[in-house]
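Below is one structure, written out as structure tokens; the observations come after it.
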Amino acid sequence: MARASGIDDLFGHVPQAGELTLAAQPDEPATAPTLLIRVPPGGHTRDTIRVDLLGLIAFVRAAPTLPWDARDLRFYSGVVPYMAEWLKNGEGDALMAEFKAELDRLGAPDDQVAPNWRKLWAIAA
């Protein structure tokens with residue numbers, strides 16, 4: 001089968017004048033660990049949550065400056081308390097306290113953390 005020259009699309013689509021195209025996304029290194037994408041068949045377990053929390057804390061601990069913009073900071077500070085609820089016998093609270101200590105070390109602005117985090121740690125809104 002001969003390949004048609006000048007066709008960029010596998011199915012032979014040729015862009016028309018004025019057609020919007022998607023801009024190519026530059027390859028950017030991941031700035032934060034990805035939370036588990038593949039959930040086990042039964043859903044998350046305490047072990048998968050523990051792995052995610054420990055990875056997130058290790059990432060923040062290794063950062064010399066705050067590694068996130070305001071949006072990502074709100075996301076991670078919002079999701080950590082919910083993840084910590086899965087871990088019993090004080091383990092979740094201890095990991096949450098470690099994460100909070102790292103945010104304090106990096107100087108995370110109190111007005112940019114998630115609202116539930118402000119309430120949990122008695123930070124003025």
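Excluded from the calculations below are hydrogen atoms, water molecules and symmetry mates; all remaining heavy atoms, backbone and side chain alike, are included.
- Of all heavy-atom pairs between Ile49 and Met83, the closest is CG2-O, 3.1 Å.
- Contact detail for Leu106 and Ala63: the closest heavy-atom pair is CD2-O, 3.4 Å.
- The line from CH2 of Trp86 to OG1 of Thr48 is 6.5 Å long, rounded to the nearest 0.5 Å.
- Counting all heavy atoms, side chain and backbone alike, Ala108 lies closest to Leu73 at CB-CD2, 4.1 Å.
- Within 6.0 Å of the CG atom in Asn89, the count of heavy atoms belonging to other residues, nucleotides or ligands does not exceed 12.
- A salt bridge does not link Glu91 with Arg46: none of the charged nitrogens is closer than 4.0 Å to a carboxylate oxygen.
- Distance check, rounded to the nearest 0.5 Å: CG of Asp52 to CG of Leu95 gives 11.5 Å.
- Note: Leu66 CG to Leu103 CG = 7.0 Å, rounded to the nearest 0.5 Å.
- Here the shortest heavy-atom pairing between Val60 and Arg105 reads O-NH2, 3.1 Å.
- The CE atom of Met96 sits 10.5 Å away from atom CD1 of Ile57, with the distance rounded to the nearest 0.5 Å.
- Below 30°, between 30° and 60°, or above 60°: for Trp68 and Tyr76 the angle between ring planes is below 30°, a parallel geometry.
- Residues that satisfy the salt bridge (charged side-chain N to carboxylate O under 4.0 Å, His left out) test with Glu98, not counting sequence neighbours, are Arg61.
- Take Glu85 and apply the salt bridge (charged side-chain N to carboxylate O under 4.0 Å, His left out) test, not counting sequence neighbours, and it matches no residue.
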